[in-house]
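This report concerns only the one structure given below.
Per chain, numbering begins at 1; letters A, B, ... match sequence-line order.
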Amino acid sequence: MITPKQPQTLKNRKDFLRLRHSSKWVTPNFILQAGGNGGAGEDVIRFGYTASKKVGNAVARNRAKRRMRALVRLYWSGLARPGHDYVLIARPKIVQVSFDILEKDMEKALKHVHKPRRKDRK
RNA sequence: UCAGUUGGCUGGAUGGCCGCUAUCAUUUGCGUGGUAGAGGAAAGUCCGGGCUCCGAGGAGACAGGAUGCCGGAUAACGUCCGGCGAGGGUGACCUUAGGGAAAGUGCCACAGAAAGGAUACCGCCCUGCUUUAUGCAGGGUAAGGGUGAAAGGGUGCGGUAAGGGCGCACCGCGUUUUUGGUAACAAAGGCGGCUUGGUAAACCCCAUCCGGAGCAAGACCAAAUAGGGGCAGCGCGAAACAGCGUUGGCGCAAGCCUUCACUGCUUUCAGAUCCGUCUUUUGAUUGACUGCCCGGGUUGGUUGCAUGAGAUGUCUGGUAACAGCCAUCCUAGAUGAAUGGUCAUCGCCCUACCGAUAUAAUGUCGGCAGGGUACAAAACCCGGCUUACAGGCCAACUGAUAUU
RNA sequence: GCACCCUUCGUCUAGCGGCUUAGGACUCUGCCCUUUCACGGCAGCAACACGGGUUCAAAUCCCGUAGGGUGCA
């Protein structure tokens, strides 16, 4: 059993692009993507946060990223797998929706994102 | 009390749990604790500066751009303050790119007779002919009609054949004098009889200002790739010695000291950025070095980077913008980008309902429910401008109504 | 962050300050033609990003705002 370290933050555009076509789970408020971390280490968990201009102005984008960081802080332990990278993409609703709904979405998304969906199989 | 004008301030509070960035202390270390941590616009990037690099001898000119009543403030400004003119509002007050149109050029569509050296369609008047109703011809006019955004001063009276600055009064315009004011300008008087329509956010003229690029500027370090290609790198000796001549001085003379020039298979140093090689001597060339360009690679870190035209307060000068003295203080520094997430309670606002109360309209207080609690995130730093903003507060002033 | 550019029918575009009710092509709608469709012909719908200002007059000139787009280590 590998003891996972504290999650790190993804900062390079390359890492975000690598996860673009990996498995994902969509909720009305955000999208979670997951994939291998490209040789960063067996015990490393990394999270990336993205909010595009569709979310709103700078204040809304910063608030969306901060809420996503709070979600990761609460739920990464036990649900995130070591040796994987995760990317959270904000959708416009995430700024207004109450935090309870986001917590349920996050728990569900972390459980389901590793199950490959049927249409992704070949 | 209602309506309004101007200026300024503020931009929710408390607590629990979980976190971020910087820094300090402590610890072998994991870690723990303390302190600090977005704005009035941080925004748009519309102006002005600091700072950095490039260019340039100082400076100026052409081109291009900007500004534009007067005086002041300022590091500077297209900003601000005070004043003037014009326009708007009952008023407090607001708006104002507001130099030059007799330096020149252009434009003024359509309509209209005529659009800038005025002109004459309908009219009005006079004369002549025909005739007594009009018509025709010639002339005088610009009051009236009509067109237009604009018709070559306006109104009134006199005058006239009808009219007309033809004459007069007032207003306007031009010019001039005096007075007030630093000035823009204002007031009063004289003169001219009117000659000169608008447009410069059309070209232009005048005055003033502006070199270019921007912290992704610039500097350093590390790593990686490569160990590449091209171009350029400013020269035309100096000294010593010897010989011969020569200038000056001392000396009877020999000679000694001294100045300058020429010559030498002479010597030393230099010589083209450096080293080497060739040749025979001021040439050639390999390589290295330096600079620039091309090509290739990297997409990291440090610095610039927060003590500054700094903030607060008292006083002084000034109508004010602002300036000065003194005292105190240090107040964000991120880089997929920190300064928060969440829960609870309270506050504030709006709407509906209930109750009480004073009523001319309606307002005030209490309770309960629902909804809302803005605009917006530093990115080198300052001074402004513009734009966005739920609401709340303060001060001064104006108008209307009522009462005393 | 900094430096710039552009907005005209649904789309692509013309457009000396007045001649314009903003022109053309494609599209769309209706009618004609054809047995029918296509092609063709005729007619129609449809735009100056927004707000101020200058001017007698603004799509055009000036200022501001909004929305798009481009470049720079």
Inset, instruction - Could you give the distance separating U155(B) and G190(B) at their C1' atoms, to the nearest angstrom? - result: 24 Å
Inset, instruction - Find the partner of U35(C): check Watson-Crick (N1-N3 plus N6-O4 or O6-N4) and G-U wobble (N1-O2, O6-N3) distances, both under 3.5 Å, and reply none if neither fits. - result: none
Legend entry - Distance-only donor-acceptor test (3.5 Å): side chain Thr50(A), base G336(B): yes
Inset, instruction - Write down the distance separating the C1' atoms in G211(B) and U285(B), rounded off to the nearest Å. - result: 46 Å
Inset, instruction - Give the rounded distance in Å between these two atoms: CZ of Arg46(A) and P of G336(B). - result: 14 Å
Inset, instruction - List the atom of Ala60(A), the atom of Val95(A), and the distance in Å for their closest heavy-atom pair. - result: O-CG2, 3.9 Å
Inset, instruction - Determine whether Ile45(A) and Trp76(A) make a side-chain contact, defined as any pair of heavy atoms from C-beta on separated by less than 4.5 Å. - result: yes
Inset, instruction - Name all pairs fulfilling the side chain to side chain donor-acceptor pair (under 3.5 Å) condition that reach into residues 57-72 of chain A, sequence neighbours left out, sorted by first residue then second. - result: none
Legend entry - Nearest-Å distance once atom C1' is located in both U5(B) and G89(B): 11 Å
Inset, instruction - Just label A92(B) as syn or anti from its O4'-C1'-N9-C4 or O4'-C1'-N1-C2 angle, using within 90° of 0 for syn. - result: anti
Legend entry - Listed once per pair and sorted, the side chain to side chain donor-acceptor pair (under 3.5 Å) pairs that draw on residues 89-99 of chain A, sequence neighbours left out: none
Legend entry - Heavy-atom closest pair, residues Thr50(A) and Met68(A): O-CE, 3.8 Å
Legend entry - A38(B), syn or anti by chi within 90 degrees of zero: syn
Legend entry - Rounded interatomic separation in angstrom, taking CZ from Phe47(A) and P from C20(B): 15 Å
Legend entry - Pairs where residues 50-69 of chain A contributes a residue and the test ring-ring contact (aromatic ring centres under 6.0 Å, His included) is met, not counting sequence neighbours: none
Inset, instruction - Tell me the partner of G12(B), counting only Watson-Crick (N1-N3 plus N6-O4 or O6-N4) or G-U wobble (N1-O2 and O6-N3) with both under 3.5 Å; none if nothing fits. - result: C346(B)
Legend entry - Distance in angstrom units between Ile89(A) CD1 and G336(B) C1', rounded: 13 Å
Inset, instruction - Please measure how far the C1' atom in C241(B) lies from the corresponding atom in U277(B), and state the result in whole Å. - result: 34 Å
Inset, instruction - Taking only heavy atoms on the protein side, list every residue of residues 62-75 of chain A lying under 4.0 Å from any atom of RNA chain B, sorted numerically. - result: Asn62(A), Arg63(A), Arg66(A), Arg67(A), Arg69(A), Ala70(A), Arg73(A)
Inset, instruction - Sort out the partner of A395(B) for me: Watson-Crick or G-U wobble, both distances under 3.5 Å, none otherwise. - result: U6(B)
Legend entry - Interatomic distance where CG belongs to Asn57(A) and C1' belongs to A374(B) [whole Å]: 13 Å
Legend entry - Position toward the 5' end of RNA chain B (nearest nucleotide), Val59(A) or Thr9(A): Thr9(A)
Inset, instruction - Scan every strand shown for a Watson-Crick or G-U wobble partner of C220(B), both distances under 3.5 Å, and answer none if you come up empty. - result: G301(B)
Legend entry - G165(B), syn or anti by chi within 90 degrees of zero: syn
Inset, instruction - Searching all strands shown, indicate the nucleotide that pairs with G146(B) (Watson-Crick or G-U wobble; both distances under 3.5 Å). - result: none
Legend entry - Anti or syn - G40(B), cut at 90° from 0: syn
Inset, instruction - Using whole Å, report how far CD of Glu103(A) lies from P of C17(B). - result: 18 Å
Inset, instruction - Both distances under 3.5 Å, Watson-Crick or G-U wobble: report the partner of C250(B), or none. - result: G255(B)
Legend entry - Base paired to A232(B) (Watson-Crick or G-U; both N/O distances under 3.5 angstrom): U290(B)
Inset, instruction - For nucleotides C380(B) and G71(B), find the distance between their C1' atoms and express it as a whole number of Å. - result: 38 Å
Legend entry - Any residue meeting ring-ring contact (aromatic ring centres under 6.0 Å, His included) with Tyr86(A), in chain and number order, not counting sequence neighbours: Phe47(A), His114(A)
Inset, instruction - Determine whether Val87(A) and Tyr49(A) make a side-chain contact, defined as any pair of heavy atoms from C-beta on separated by less than 4.5 Å. - result: no
Legend entry - Closest listed nucleotide, where the reference is the side chain of Phe99(A) and the choices are A376(B), G336(B), G341(B): G341(B)
Legend entry - Nearest-angstrom distance, P atom, U119(B) to G140(B): 12 Å
Legend entry - Selection residues 100-111 of chain A - residue pairs positive for side chain to side chain donor-acceptor pair (under 3.5 Å), sequence neighbours left out: Asn29(A)-Asp105(A), Tyr75(A)-Glu103(A)
Legend entry - Opposite nucleotide pairing with C209(B), Watson-Crick or G-U, both atom distances under 3.5 Å: G65(B)
Legend entry - Nearest-angstrom distance, C1' atom, A200(B) to A183(B): 26 Å
Inset, instruction - Heavy atoms only: give me the nearest Leu110(A)-Val113(A) pair and the separation to one decimal. - result: O-CG1, 3.8 Å
Legend entry - Syn/anti state for U331(B) [syn: chi within 90° of 0]: syn
Inset, instruction - In whole angstrom, give the distance that lies between atom CZ of Arg61(A) and atom P of A42(B). - result: 19 Å
Inset, instruction - Please tell me which of Asp100(A) and Tyr49(A) maps to the more 5' nucleotide of RNA chain B, matching each residue to the nucleotide holding its nearest heavy atom. - result: Tyr49(A)
Legend entry - Rounded distance in Å between the P positions of G218(B) and G287(B): 34 Å
